[in-house]
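Please read all numbers here as calculations on a predicted model, not as lab measurements. Within every chain, numbering begins at 1; the chains are lettered A, B, ... in the order of the sequence lines, protein sequences first and strands thereafter.
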Number of protein chains: 4
Amino acid sequence: MHDIISIYADSPETDDLTDKQLKIFKSAIELFAKNGYANTSTKEIATNAGVSEGSIFKKFKNKEDLLFSILNPFLRNILPKVVNEFTEETLQTNYDTLTDFVSSILKNRNMFFKENVNALKIFVDEFVYDLKIRDKMIKAIPYQYMKSFNDQVNSFKKRKMIVDWTNSEIFRFIFATLFGYLAEHYFIFESLKWDEDLEMDHTIEFVVKGLQP
Amino acid sequence: MHDIISIYADSPETDDLTDKQLKIFKSAIELFAKNGYANTSTKEIATNAGVSEGSIFKKFKNKEDLLFSILNPFLRNILPKVVNEFTEETLQTNYDTLTDFVSSILKNRNMFFKENVNALKIFVDEFVYDLKIRDKMIKAIPYQYMKSFNDQVNSFKKRKMIVDWTNSEIFRFIFATLFGYLAEHYFIFESLKWDEDLEMDHTIEFVVKGLQP
Amino acid sequence: MHDIISIYADSPETDDLTDKQLKIFKSAIELFAKNGYANTSTKEIATNAGVSEGSIFKKFKNKEDLLFSILNPFLRNILPKVVNEFTEETLQTNYDTLTDFVSSILKNRNMFFKENVNALKIFVDEFVYDLKIRDKMIKAIPYQYMKSFNDQVNSFKKRKMIVDWTNSEIFRFIFATLFGYLAEHYFIFESLKWDEDLEMDHTIEFVVKGLQP
Amino acid sequence: MHDIISIYADSPETDDLTDKQLKIFKSAIELFAKNGYANTSTKEIATNAGVSEGSIFKKFKNKEDLLFSILNPFLRNILPKVVNEFTEETLQTNYDTLTDFVSSILKNRNMFFKENVNALKIFVDEFVYDLKIRDKMIKAIPYQYMKSFNDQVNSFKKRKMIVDWTNSEIFRFIFATLFGYLAEHYFIFESLKWDEDLEMDHTIEFVVKGLQP
DNA sequence: GATGAATGAGTATTCATTCAT
DNA sequence: GATGAATGAATACTCATTCAT
């Protein structure tokens with residue numbers, strides 16, 4: 001699973017795939033990302049993968065199962081990873097500055113997103129598009145994973161280092177800004193180059209100043 | 001065209017529609033917004049509109065033509081309106097404060113979005129979803145409409161009232177924050193109530209502080 | 001509906017059928033009877049009817065709906081008709097002899113079965129074959145329709161004109177004998193001629209003697 | 001072949017089966033009886049048998065070959081056994097009474113049917129359902145096996161101990177009644193208990209009286 | 001102009017059968 | 001012999017589009 005997408009390393013969805021099934025998996029990611037789930041037929045996936053249509057259904061119960069095999073690792077990992085990873089490392093240290101906090105959320109995610117653009121595209125696509133799938137996704141975001149985000153924010157509030165708005169507003173400001181950055185560079189103008197470090201610095205600075213009390 | 005959606009007032013797409021065709025148009029907006037373009041059948045549109053399926057194809061060449069009749073006004077107007085309207089009124093006055101500038105962008109758009117939620121939903125859906133449609137949309141955003149936004153920002157930069165980042169970054173920070181606000185309240189958690197004035201104030205404050213030099 | 005099958009005259013299932021849909025209906029009866037429901041594809045039905053496959057699904061929700069449009073008149077009428085018709089006519093007269101009773105059940109049904117052989121074949125086929133469909137059928141036989149049969153039998157018991165076995169046994173003896181007659185002549189050796197009147201007389205005599213106390 | 005089904009003892013179809021193939025055979029009988037031939041997939045048969053799908057096709061040319069391996073013993077034996085077995089034992093004794101004759105047909109078959117319910121179900125299912133299979137079955141009922149039945153009946157006729165109807169009518173009356181008994185208890189209301197001895201007595205009595213001259 | 005019956009290409013999915021290991 | 005991955009033809013069903021009325 002080396003050459004697909006980092007998030008699928010060691011995920012149960014891609015564990016026991018045969019060669020052909022792996023081709024199907026890759027083919028589906030490619031086509032779902034390019035044309036959307038609803039606009040991609042199983043026939044296309046099979047042809048693009050160079051296998052028979054029937055082979056898809058040996059491993060994947062149905063088309064939706066194939067979609068969720070692609071999306072599940074995100075449902076399980078994306079928010080948790082974004083929110084938690086750094087706190088686990090640094091729960092003791094406790095962020096001294098708001099900059100450190102925001103920076104670790106935004107900056108450290110850079111690599112992650114770059115490696116998973118296609119799958120992320122599908123994630124966003126379906127989240128936006130399909131009500132049924134959206135609900136399934138929202139329910140799949142475990143509430144507990146929001147806890148460490150809240151803990152950190154509350155700690156800053158106590159120390160008067162952040163504005164006294166609701167945590168969900170603060171959450172929104174951070175992630176909308178991140179989403180704008182990602183959308184512009186990875187989704188909308190995919191081919192244009194940009195100065196990553198500089199823009200990321202600006203993004204952090206924008207958020208930090210915006211959230212200062 | 002009073003009771004549909006403000007953006008369609010005086011647009012050529014809805015000019016010469018008969019009564020039945022208008023019903024089709026409204027029905028399509030409603031269903032596309034709710035279920036997505038690909039998940040809405042022409043039969044549903046017809047039934048929901050109380051007309052026969054055949055009637056759809058008298059006015060609209062095909063299903064895609066119906067979609068673009070809904071989206072074209074956005075392609076022509078949405079960004080221009082968002083960006084320009086206020087400058088036309090106020091180009092002479094020249095905003096004294098960054099708050100005024102940001103506030104007029106965010107606050108004044110409130111009504112506009114609220115009136116066009118459904119059509120906007122379709123716009124976002126298809127923008128995110130369909131490559132062909134996305135390209136058509138991007139090309140349809142006339143560069144010249146960005147001019148007045150740039151003029152305003154450059155003026156602030158001269159007066160050292162805004163950070164010295166690229167205009168496209170500044171544009172992104174403002175609109176990503178706006179998009180986050182809209183997405184949360186109109187797309188994701190549509191049914192939850194919130195304190196509009198307060199959150200809008202916070203949103204303006206966040207952007208203004210974030211963009212201060 | 002003149003030339004199909006008598007039971008469908010005036011039944012809601014065949015009321016508003018277009019010409020082509022009628023062809024589909026007839027085609028389905030023919031093929032279901034010949035090859036069985038599970039062995040008949042919608043494509044075959046359409047081809048045999050000389051229409052497009054899609055036309056089937058305009059009128060009939062799905063293949064099972066088509067099957068039950070054929071079978072429902074039986075579920076509604078067959079047992080009731082067999083059991084009731086004569087009692088309604090003759091409830092006052094009260095059968096004087098067991099022969100009259102048995103005879104009216106067996107004899108009067110002759111015409112009915114001859115006219116509906118094909119549909120009846122399907123009925124028997126699916127009753128025997130598909131558990132799900134069998135359950136649906138058993139539930140669809142209204143219990144109340146058994147009442148008049150029981151009333152008659154109980155009346156004979158009081159007058160000591162019939163054996164004192166359970167009604168369900170008596171029911172079984174009558175209908176198994178009838179079924180044997182029908183099966184032999186209409187299902188198994190369809191093409192052989194036989195002396196209807198004579199065999200029917202024997203059949204009645206067999207049942208009557210068998211049920212005498 | 002001890003624990004499968006009595007009729008398969010010593011039949012060539014089950015002679016040289018390996019362990020796994022025997023499991024397949026049993027599994028197929030079970031599933032065909034429960035769900036019907038057409039509704040049972042080879043995958044199900046394999047899974048239920050705990051072997052691989054491919055193994056089925058090592059012994060059995062195809063699915064139909066598997067079906068006929070189950071049915072052939074019936075085609076060869078069922079009617080002959082039903083009709084003949086007792087006569088071989090008892091041809092000399094010559095039945096003194098019609099009751100003895102009918103009783104030996106009906107009563108002695110009890111055990112046989114109880115032991116072979118499942119395979120018999122498949123037999124009836126496919127007989128009713130599939131024209132091709134039905135023809136194959138009818139041809140497989142060797143006329144000569146009817147001989148001993150005819151001999152017995154003719155003997156009764158000479159002695160004026162039975163009605164003077166055609167032998168095929170008499171045959172039908174006996175077996176239709178038997179079939180009704182079996183159908184009710186083994187096929188239709190499988191789970192309900194009943195008083196076997198009593199109902200069997202009634203059944204014999206019904207047939208005997210019905211056939212008395 | 002409006003209808004809705006009819007079409008037929010297209011969809012996801014199933015399944016008996018093959019065959020390389 | 002045994003396996004189960006792979007096949008591809010077949011299946012029920014959908015849907016945008018056409019056209020006679």
Side-chain angles (χ1 to χ4, degrees), chain A residues 16-21 23-24 38-47 49-66, chain B residues 18-21 23-24 38-47 49-66, chain C residues 16-21 23-24 37-46 49-66, chain D residues 18-21 23-24 37-47 50-66:
Chain A
D16 53 344
L17 295 182
T18 66
D19 240 34
K20 303 227 168 192
Q21 287 163 350
K23 276 185 198 154
I24 291 167
N39 296 321
T40 303
S41 71
T42 52
K43 171 137 208 168
E44 278 179 278
I45 296 171
T47 305
V51 305
S52 76
E53 216 179 335
S55 293
I56 294 175
F57 298 93
K58 262 282 148 65
K59 176 64 193 175
F60 306 100
K61 226 177 64 225
N62 48 38
K63 201 185 161 190
E64 203 182 279
D65 185 40
L66 176 54
Chain B
T18 67
D19 230 39
K20 302 225 169 194
Q21 287 162 349
K23 275 185 200 154
I24 292 168
N39 296 323
T40 303
S41 71
T42 51
K43 167 125 211 179
E44 277 178 281
I45 296 171
T47 305
V51 305
S52 77
E53 219 179 334
S55 293
I56 294 175
F57 297 92
K58 270 281 144 57
K59 174 64 191 176
F60 306 99
K61 223 178 67 221
N62 49 37
K63 201 186 162 191
E64 203 182 276
D65 186 39
L66 175 54
Chain C
D16 53 345
L17 295 182
T18 66
D19 239 34
K20 302 226 169 191
Q21 286 164 349
K23 276 185 199 155
I24 292 168
Y37 172 74
N39 295 322
T40 303
S41 72
T42 52
K43 171 139 208 169
E44 277 178 280
I45 296 171
V51 304
S52 77
E53 215 181 335
S55 293
I56 295 175
F57 298 94
K58 262 279 149 65
K59 175 65 194 175
F60 306 100
K61 226 177 63 227
N62 47 39
K63 200 186 161 191
E64 202 182 279
D65 185 40
L66 175 54
Chain D
T18 67
D19 231 39
K20 303 225 167 194
Q21 287 162 347
K23 276 184 198 153
I24 291 167
Y37 171 74
N39 297 321
T40 303
S41 72
T42 52
K43 168 124 210 179
E44 279 178 280
I45 296 170
T47 305
V51 305
S52 77
E53 219 179 333
S55 293
I56 294 175
F57 298 92
K58 270 280 145 59
K59 174 64 191 176
F60 306 99
K61 222 178 67 223
N62 48 38
K63 201 186 161 190
E64 204 182 277
D65 186 39
L66 175 54

K.L.:
Between C:Asp65 and C:Lys61, what is the shortest heavy-atom contact and its length?
P.N.:
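Here C:Asp65 and C:Lys61 meet closest at OD2-N, 2.9 Å.
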
K.L.:
Tell me which one of D:Asp19, D:Thr42, D:Val51 satisfies side-chain contact (heavy atoms from CB on, under 4.5 Å) with D:Ile24.
P.N.:
D:Val51

K.L.:
Would you kindly compare D:Lys20 and A:Ile56 by the position of their nearest DNA chain F nucleotide and give the one closer to the 5′ end?
P.N.:
D:Lys20

K.L.:
How many whole angstroms separate atom CD1 of C:Ile24 from atom P of E:dA5?
P.N.:
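The answer, rounded to whole Å, is 12 Å.
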
K.L.:
Whole Å only: how far is the CG atom of A:Asp19 from the P atom of E:dA20?
P.N.:
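To the nearest whole Å, that distance equals 17 Å.
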
K.L.:
Give the rounded distance in Å between these two atoms: CZ of C:Phe60 and P of F:dT14.
P.N.:
15 Å

K.L.:
Indicate the atoms forming the closest heavy-atom contact of B:Leu66 with B:Ile56, along with that distance.
P.N.:
CD2-CG2, 4.4 Å

K.L.:
Any heavy-atom pair between the side chains of A:Phe60 and A:Leu17 that's under 4.5 Å?
P.N.:
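Yes, close enough: below the 4.5 Å cut-off.
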
K.L.:
Should E:dA20 form a Watson-Crick or G-U wobble pair with both distances under 3.5 Å, which nucleotide is its partner?
P.N.:
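Pair assignment: E:dA20 / F:dT3.
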
K.L.:
Going 5' to 3' through nucleotides 8-18 of chain E, assign each nucleotide B (protein heavy atom under 4.0 Å from a base atom), S (under 4.0 Å only from sugar-phosphate atoms) or - (no protein heavy atom that close).
P.N.:
B--SBBB-BBB

K.L.:
Counting only N and O atoms by type, is there a donor-acceptor contact under 3.5 Å from the side chain of D:Lys63 to the main-chain atoms of D:Tyr37?
P.N.:
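Present.
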
K.L.:
Looking at every strand, decide which applies to C:Lys59 at a 4.0 Å heavy-atom threshold: base, sugar-phosphate, or nothing.
P.N.:
nothing

K.L.:
Could you check how far CG of A:Leu17 sits from C1' of F:dA6, rounded to whole Å?
P.N.:
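Spelled out: CG on A:Leu17 to C1' on F:dA6 is 15 Å.
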
K.L.:
Determine yes or no for a side-chain-to-main-chain donor-acceptor pair under 3.5 angstrom, with A:Lys59 supplying the side chain and A:Thr18 the backbone.
P.N.:
no

